[in-house]
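As C-alpha cells, the structure follows; a few thoughts come after it.
Reckoned from all heavy atoms, side chains included, excluding hydrogens, waters and symmetry mates. The model shown is predicted, which means the values in this text are computed figures rather than measured ones.
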Amino acid sequence: MTDVKVAKVKLYNAQLKAGFLDYEVDEDDVILPAEAVGDLDLKNGAEVEFEVTQRDGRNYASNVKLKKS
C-alpha cells in the first residue's frame with residue numbers, strides 16, 4: 001500500500017528540472033529532485049501526486065505525476 005500525497009509545486013527551476021513542493025514533513029520542505037520529474041512539464045503552482053522518500057535525513061518526492069483534474 002502506498003501513501004500518495006497531493007501538493008502544488010512551490011518553487012521550480014525548469015533548467016535544473018528540480019525544486020520544492022508546497023508540502024512539509026516535520027516542518028521540512030519536500031524536495032522535488034530532477035530524477036522524480038523525468039519528462040514532466042512542470043510549472044510553479046502545478047498540482048502533483050507523489051510519495052515521500054527519506055534520504056540522508058531529507059524528504060524527497062518520488063513517483064511524481066501531474067494530478068488529473
Fill in the blank from the handout: Shortest non-hydrogen pair, A61 vs P33, comes out as O-CD, 3.6 Å

Practice task
Provide the closest heavy-atom pair for V30 versus V52 in the form atom of the first, atom of the second, distance.
Solution key: CG2-CG2, 4.3 Å

Problem - Carboxylate-amine/guanidinium proximity below 4.0 Å for R58 and D28 - result: no

Practice task
Decide, yes or no, whether a salt bridge links E47 with K5 under the criterion of side-chain N to carboxylate O below 4.0 Å.
Solution key: no

Would you check if [X] and [Y] make a side-chain contact, meaning some heavy-atom pair closer than 4.5 Å?
{"X": "L40", "Y": "V64", "result": "yes"}
{"X": "K67", "Y": "V48", "result": "no"}
{"X": "K10", "Y": "L21", "result": "no"}

Practice task
Report the residues that fulfil side-chain hydrogen bond (donor to acceptor under 3.5 Å, both in side chains) with K65, sequence neighbours left out, ordered by chain and then residue number.
Solution key: none

Exercise for the section: For residues 5-40, pull every pair meeting ring-ring contact (aromatic ring centres under 6.0 Å, His included), keeping only residues two or more places apart or in separate chains. Expected result: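 Matches after skipping sequence neighbours: Y23-F50.
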
Can you tell me how far apart [atom1] ([X]) and [atom2] ([Y]) are? Round to the nearest 0.5 Å.
{"X": "N13", "Y": "L32", "atom1": "CG", "atom2": "CG", "answer": "11.0 Å"}
{"X": "S62", "Y": "R55", "atom1": "OG", "atom2": "CZ", "answer": "9.0 Å"}
{"X": "L66", "Y": "L42", "atom1": "CG", "atom2": "CG", "answer": "5.5 Å"}

Practice task
Using the salt bridge (Lys or Arg N to Asp or Glu O under 4.0 Å) rule, collect all pairs that involve residues 12-26, keeping only residues at least two apart or in two chains.
Solution key: none

Handout entry: Joint cluster assignment, V9 & V25, ILVMFWY side-chain distance < 4.5 Å
Key = yes

